[in-house]
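Right, one structure below, let's go through it.
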Amino acid sequence: MAVSKEVSPEGTKSTVLYLQLQKWLRNAINERELAPDDAIPTERELAEKFNVSRITVRKAVDGLVYEGLLTRRQGAGTFVATRVEKSYSKMSSFTEDMISRGRVPSSKWLSKTSGTVNPEEALSMGLSPGTLVYRFNRMRFADGFSMGLDYATVPADCLPSLDAVNDSLYEALEQNGTRPVRALQRLRAVAFNAEQAKLLDIAVGAPGLLIERRGFLADGRPAEFTQSYYRGDAYDLMSELTHNS
């Protein structure tokens, strides 16, 4: 990819240049030219290669570090991330998260079932007893590496059928016009039990992260209740905090 000549660090051209450099790095990661845990070229090397300033290089790299695609190691350099950093402030699906980070997502279905809402689901989503729901239980992978377990419950009126969901629940909901636009999330540390540990091929009691999400439509109706158990050695949460005076 060719990057056009830089005009000034503060100018519009400079903004375009750092976005072009980000695109080149992102493509290199997506196409496996830079694999997980590979070191990226130094600031000086990138500046010389693309004929841009080191300020522009730093800005481009900072953005990809924030996205979770790259990670800095003090005294060693900048590397393609191996752990997944999930932005806590962004509402996205597992599939979308993995693709945006240059990873290849996949799932193994444990079960797809339908039935009436149970007490926990009814309380979490505010559904009446007897409401029909669909349940989707899966193992989640990134580049063939097990990441966690996902248990989702969706009111049956949010999907045309149980078989409407293939790889991505959110994609199926979006196609039906019922993708959540707002969600409440709760996080807590957990220890994987024997059944979960066997599925993920990890030690019983290994640390994990439970993300419990309740998603809602624009009119306030519930659209999902999901409990995701992620491996503590493979998943990080990230959020941006600001101070309002």
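All values reported here derive from a predicted model rather than from experimental measurement. The figures here come from the full heavy-atom set of this structure, side chains too, leaving out hydrogens, waters and symmetry mates.
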(message) Could you go through Leu70 and Ile29, starting from their C-alpha distance and side-chain angles, then the distance that decides it, and tell me whether this counts as side chain to side chain contact (heavy atoms under 4.5 Å, CB included)?
(response) CA-CA 10 Å; Leu70 300 176; Ile29 294 169; 3.9 Å; yes
(request) Verify the cluster assignment for Val57 and Val80: are they in a single hydrophobic cluster under the rule of side-chain heavy atoms below 4.5 Å apart? (result) yes
(message) Can you give me the closest heavy-atom contact between Cys158 and Pro222, atom names plus distance?
(response) SG-O, 3.9 Å
(message) Between Asp62 and Arg72 (salt bridge meaning N to carboxylate O under 4.0 Å), is one present in this structure?
(response) yes
(message) I'd like to check Asp201 versus Ser146 (side-chain heavy atoms, cut-off strictly below 4.5 Å). Are they in contact?
(response) no
(message) Could you report the tightest heavy-atom contact between Ala191 and Gly205, atom names first, then the distance?
(response) CB-O, 3.8 Å
(message) Testing the 3.5 Å rule here: is there a donor-acceptor pair between the side chains of Ser228 and Arg213?
(response) no
(request) With sequence neighbours left out, write down each residue that passes salt bridge (Lys or Arg N to Asp or Glu O under 4.0 Å) with Glu212, or none if nothing qualifies. (result) Arg186
(request) Examine Phe225 and Ile211 and state if one hydrophobic cluster contains both, with Ile, Leu, Val, Met, Phe, Trp and Tyr joined whenever side-chain heavy atoms are less than 4.5 Å apart. (result) no
(message) Donor-acceptor check, side chain of Asn137 to backbone of Ser111, threshold 3.5 angstrom: yes or no?
(response) no
(request) Decide yes or no for Val61 and Glu43: does some side-chain heavy atom of the first lie under 4.5 Å from some side-chain heavy atom of the second? (result) no
(request) If you link ILVMFWY side chains whenever their heavy atoms are less than 4.5 Å apart, which other residues fall into the same cluster as Tyr151? By chain and number, please. (result) Leu110, Met139, Phe141, Leu149, Val190, Phe192, Leu199, Leu200, Ile202, Leu210, Tyr229
(request) Please go through Leu217's hydrophobic cluster and name the other residues, only I, L, V, M, F, W, Y counting, with side-chain heavy atoms under 4.5 Å joining them. (result) none
(request) Could you pull out the closest heavy-atom pair between Arg138 and Ser168, with the gap in Å? (result) NH1-CA, 4.4 Å
(request) Decide yes or no for Pro155 and Met125: does some side-chain heavy atom of the first lie under 4.5 Å from some side-chain heavy atom of the second? (result) yes
(message) Is any side-chain heavy atom of Val165 closer than 4.5 Å to one of Trp109?
(response) yes
(message) A side-chain contact here means heavy atoms from C-beta on lying under 4.5 Å apart; do Leu159 and Phe136 qualify?
(response) yes
(message) Listing request: all salt bridge (charged side-chain N to carboxylate O under 4.0 Å, His left out) pairs with a residue in residues 156-176, at least two apart in sequence or in separate chains.
(response) Glu174-Arg179
(message) Would you say Thr131 and Ser128 are linked by a side-chain donor-acceptor pair, where the criterion is simply a distance under 3.5 Å?
(response) no
(request) Apply side-chain contact (heavy atoms from CB on, under 4.5 Å) to Ala156 and list each qualifying residue two or more places apart in sequence or on a separate chain. (result) Leu132, Tyr134
(request) Among residues two or more places apart or on two chains, list those pairs meeting salt bridge (charged side-chain N to carboxylate O under 4.0 Å, His left out) that have a residue in residues 104-133. (result) Glu121-Arg135
(request) To the nearest 0.5 angstrom, please state how far the NZ atom of Lys49 sits from the CH2 atom of Trp24. (result) 5.5 Å
(message) On a heavy-atom basis, which atom in Leu34 and which in Ala39 lie closest, and how many Å separate them?
(response) CD2-O, 4.1 Å
(request) Working to the nearest 0.5 Å, report the span between NZ of Lys198 and CD of Glu195. (result) 9.0 Å
(request) Working to the nearest 0.5 Å, report the span between CG of Leu21 and OG1 of Thr56. (result) 8.5 Å
